[in-house]
There are 2 protein chains.
Amino acid sequence: MAKNGDHENDGHMHGEVNKRRKNRRPTMVDVAREAGVALRTVSRVVNDDATVGSELAKRVHDAIAALDYRPDERARHLRLGVTGTLGAAVRQLSHVNPVLRAVERAARAADLMVLAASTEDDERLERRVVESMCRRRFDGIVLEPIGADHGYLLPELAAGLSLVAVDRPVLGLEVDCVISDNMAGIQAAYGHLTAHGHRRIAYIGDDERIFTAQERASAFRASVAGAGGGLDGMVHTGPIEPGRIARALTTARAGGATAVITGNATISVEVVRGSDDRRMAIVGFDDSELATLLRPDLTVVAQDDQAIGATAIDLLRSRIADHGRPVTRVTVPVELLARGSGEQPPP
Amino acid sequence: MAKNGDHENDGHMHGEVNKRRKNRRPTMVDVAREAGVALRTVSRVVNDDATVGSELAKRVHDAIAALDYRPDERARHLRLGVTGTLGAAVRQLSHVNPVLRAVERAARAADLMVLAASTEDDERLERRVVESMCRRRFDGIVLEPIGADHGYLLPELAAGLSLVAVDRPVLGLEVDCVISDNMAGIQAAYGHLTAHGHRRIAYIGDDERIFTAQERASAFRASVAGAGGGLDGMVHTGPIEPGRIARALTTARAGGATAVITGNATISVEVVRGSDDRRMAIVGFDDSELATLLRPDLTVVAQDDQAIGATAIDLLRSRIADHGRPVTRVTVPVELLARGSGEQPPP
DNA sequence: CCGGGGTGAGATAACGTTATCCCGAAAGGT
DNA sequence: ACCTTTCGGGATAACGTTATCTCACCCCGG
């Protein structure tokens with residue numbers, strides 16, 4: 001326990017060690033004094049500089065241990081200019097988000113620390129979070145953008161912010177981004193259902209003001225048009241409310257639909273919940289824990305979260321390395337996982 | 001795009017503007033030069049100091065706008081001594097974690113920024129993350145502790161770290177913590193099932209090396225003992241593997257169990273998955289999205305995530321304000337939500 | 001015996017803020 | 001008219017690091 005620390009906690013005794021001002025954490029100066037060396041030498045030891053003799057190094061290490069010295073990264077970062085930190089501004093930290101996991105992994109592999117915060121799908125909060133990260137001079141930011149107006153990013157980008165958008169692009173701004181191949185996913189789902197005999201297929205999706213929702217809905221319309229089918233009563237988009245989705249399901253059935261494609265995992269849940277007895281074929285967008293809990297298991301279009309996260313970090317690092325590099329947009333392939341619900345034939 | 005040679009904003013063409021060193025973000029000195037005032041005055045304006053005249057203030061604001069100046073929090077924090085930042089080290093950022101959400105909310109209300117990172121249930125990673133946050137001099141840390149050995153925290157705490165443990169205590173160390181009333185939850189579940197006629201009740205839980213798992217399992221054993229029942233074949237704990245849980249279920253049935261209490265949400269899923277046809281009454285620990293998706297809906301013991309998160313931030317703030325305050329351990333009540341699965345009578 | 005590389009270590013100046021002092025001028029009292 | 005008070009605003013010193021420069025020293029060959 002406390003070896004030399006007998007004065008340490010109990011008050012106002014003025015020993016050599018205790019000369020530092022009240023309760024202040026020890027600094028390099030304190031270590032230098034304790035070890036009887038120059039400030040710069042302590043810095044050298046801390047940074048594993050080879051040009052310091054072994055005897056002095058030992059003295060310094062002892063002093064560090066005796067004082068429980070911990071370097072202050074704020075000062076370090078200030079002096080260095082970089083922080084070795086990436087920010088992640090995501091919709092909800094506390095929601096399931098496999099991409100964020102992949103982002104953390106990839107960043108860790110590159111010896112970067114990821115610090116994350118929620119934007120709660122609130123444009124103002126997004127701005128608050130991102131600007132806060134900028135003021136903290138994070139080296140880069142991974143952002144799941146919300147809403148349409150990202151003008152506030154312009155001066156930050158001009159000032160040198162490195163940014164990569166994930167899942168959705170930053171509309172109107174030239175920013176690197178990584179997005180799933182929504183169109184291919186919808187096409188695969190549609191093709192899968194037609195291959196199993198379905199001719200009338202409905203789509204129930206999220207609010208089309210959301211980029212991915214819009215993209216998926218458009219892809220669906222294009223698929224139907226390409227097959228020469230009709231769209232009446234088959235496309236339902238809007239905010240996620242159980243009532244809306246139940247009504248959409250009813251309308252689709254009345255219109256003769258025998259299968260449904262959903263726009264995201266939450267909607268899949270509602271659709272399953274709303275189609276208790278009467279069996280329709282279902283292909284959901286986004287894989288989730290729920291998919292293998294249902295009977296039959298849910299056939300889904302799964303995004304490659306691992307690839308998305310790793311690519312995001314790649315883009316961010318190369319952007320940090322060369323801020324003038326041309327903007328890149330990466331589309332990551334999706335995969336259809338057939339599990340049962342999408343293979344049911346029409347009645 | 002515009003490189004450093006061009007004027008960055010087409011609007012304001014002050015020759016002064018471009019004088020700043022290559023690509024460097026503008027600093028207070030640059031703003032002061034641009035506005036023709038002293039450095040200190042810029043600081044005053046930025047911090048809304050009332051003692052600055054309105055004319056000078058305007059000049060400064062204009063200069064800030066012209067240069068797109070953003071204060072550097074690293075320097076600010078270094079000078080101020082505090083960072084206005086809390087760290088959250090949780091098991092998995094990308095898992096559902098309502099407590100983290102409540103933590104973010106409560107912190108935001110107190111004008112503190114929460115930056116979160118995953119520990120991935122890895123003791124070494126936890127240490128890495130926490131120490132990193134300490135070196136960044138975060139004002140406080142919310143921690144979901146892993147494993148048994150938290151000795152590395154000792155010097156940090158002595159040096160002034162403010163810490164609060166959530167969901168589990170930090171074993172062997174005097175640290176504030178907020179924990180659900182696991183015992184009361186198990187008792188409530190047990191009482192609920194007996195009230196509905198069950199006499200043989202099984203418990204399937206997580207690995208007892210995990211604190212909460214141990215606490216819940218013990219509470220279950222105590223409940224059974226209190227009711228004068230036998231434990232043979234009724235208590236199954238261990239790592240979460242589908243196979244183990246299916247076997248546990250079989251054993252329990254063979255032992256005459258007509259109802260199951262689960263140790264957490266993941267196990268609830270596996271139990272539901274494994275008890276397809278034959279109906280047993282189920283009470284799950286932890287509420288989740290799944291609970292209302294099943295038929296019948298899952299009766300659960302729900303933790304008060306909101307209260308846990310808010311309490312954690314309260315404790316942390318008061319610890320920051322008075323580092324010598326006695327250690328507090330808060331137990332937050334749980335609530336049994338009857339939804340159907342726990343009200344089925346024995347066959 | 002002396003000059004020329006290395007080489008280990010110290011003094012000092014940044015990095016971008018805020019806090020402490022201090023001063024000049026305007027205002028008010030006698 | 002002069003002295004005191006207020007008050008806006010500027011110089012300058014921290015905060016805790018790292019980078020640059022310098023220097024003292026030692027080991028050799030000439």
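Naming: A, B, ... by sequence-line order, numbering from 1 per chain. None of these values were measured; they are calculated from a predicted model. FYI, side chains are in, hydrogens and waters are out, and symmetry mates aren't considered; it's all heavy atoms of this structure.
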For this session: Go through the steps for Arg128(A) and Ser132(A) under the test side-chain hydrogen bond (donor to acceptor under 3.5 Å, both in side chains), then give the verdict.
Result: CA-CA 6 Å; Arg128(A) 213 172 121 184; Ser132(A) 181; over 6 Å; no
Exercise. On a plain distance test, is the side chain of Arg40(B) in donor-acceptor contact with the base of dT17(C) below 3.5 Å?
Worked result: no
Protein-nucleotides 5-7 of chain C N/O pairs under 3.5 Å:
none

Problem set entry | Euclidean distance, atom CG of residue Asp48(A) to atom C1' of dG8(C) [Å, nearest integer] | 17 Å
Problem set entry | Residues Tyr152(A), Glu126(A); criterion side-chain hydrogen bond (donor to acceptor under 3.5 Å, both in side chains); working and verdict | CA-CA 11 Å; Tyr152(A) 75 93; Glu126(A) 174 197 305; 2.6 Å; yes
Exercise. In whole angstrom, what separates Arg74(B)'s CZ from dT18(C)'s C1'?
Worked result: 16 Å
Problem set entry | Exceeds 12 heavy-atom contacts within 6.0 angstrom, atom CG of Asp322(A) | yes
Exercise. Should the pair Arg74(A)-Glu73(B) be classified as a salt bridge under the 4.0 Å nitrogen-to-oxygen rule?
Worked result: no
Problem set entry | N-O pairing of Arg76(A) and Asp72(A) below 4.0 Å | no
Exercise. So what does Ser43(B) hit on the nucleic acid, given a heavy-atom distance under 4.0 Å: a base, only sugar-phosphate, or nothing?
Worked result: base
Exercise. Please give, in whole Å, the distance from dT17(D) C1' to Arg135(B) CZ?
Worked result: 14 Å
For this session: Any chance you could lay out the salt bridge (charged side-chain N to carboxylate O under 4.0 Å, His left out) test for Arg59(B) and Glu34(B), step after step, and finish with the verdict?
Result: CA-CA 9 Å; Arg59(B) 289 228 311 267; Glu34(B) 174 85 3; over 6 Å; no
For this session: Considering only NZ, NE, NH1 and NH2 on the basic side and carboxylate oxygens on the acidic side, decide whether Arg325(A) and Asp176(A) come within less than 4.0 Å.
Result: yes
Exercise. Does the pair Arg108(A)/Glu120(B) count as a salt bridge with the N-to-O cut at 4.0 Å?
Worked result: yes
Problem set entry | Quiz item: Arg79(B) side-chain donor-acceptor pair to dA19(C) base, under 3.5 Å | no
Problem set entry | Of the listed nucleotides dT17(C), dG10(C), dT17(D), the one nearest the side chain of Thr41(A) | dG10(C)
Exercise. Base, sugar-phosphate alone, or nothing: which one does Leu78(A) contact when heavy atoms must sit under 4.0 Å apart?
Worked result: base
Exercise. Taking the side chain of Val37(A) as heavy atoms from C-beta outward, which of dG16(C), dG10(C), dG9(D) is closest to it?
Worked result: dG10(C)
For this session: Report the distance from atom CZ of Arg76(A) to atom C1' of dA19(D), rounded to the nearest whole Å.
Result: 13 Å
For this session: To the nearest Å, give me how far apart CG (Leu39(B)) and P (dA14(D)) are.
Result: 16 Å
Exercise. To the nearest Å, how far apart are Arg33(A) CZ and dG16(D) C1'?
Worked result: 14 Å
Exercise. Does a distance-only test, which skips hydrogens and angles, find a donor-acceptor pair under 3.5 Å between the side chain of Arg44(A) and the base of dG10(C)?
Worked result: yes
For this session: Give me the bend of the helix from dC1(C)-dG30(D) to dT30(C)-dA1(D), using the axes of the five pairs at each end, rounded to 10°.
Result: 60°
For this session: Check the surroundings of atom CZ in Arg317(B): do more than 12 heavy atoms from other residues, nucleotides or ligands lie under 6.0 Å from it?
Result: no
Seminar exercise, completed: 5'-most contact on DNA chain D (nearest-nucleotide basis), Leu80(A) vs Ala38(B), goes to Ala38(B)
Problem set entry | Euclidean distance, atom CE of residue Met28(B) to atom P of dA14(D) [Å, nearest integer] | 20 Å
Exercise. Is the shortest distance from a Lys or Arg side-chain nitrogen in Glu156(A) or Arg135(A) to a carboxylate oxygen in the other one below 4.0 Å?
Worked result: no
Seminar exercise, completed: From CG of Leu56(B) across to P of dC7(D) the rounded distance in Å is 17 Å
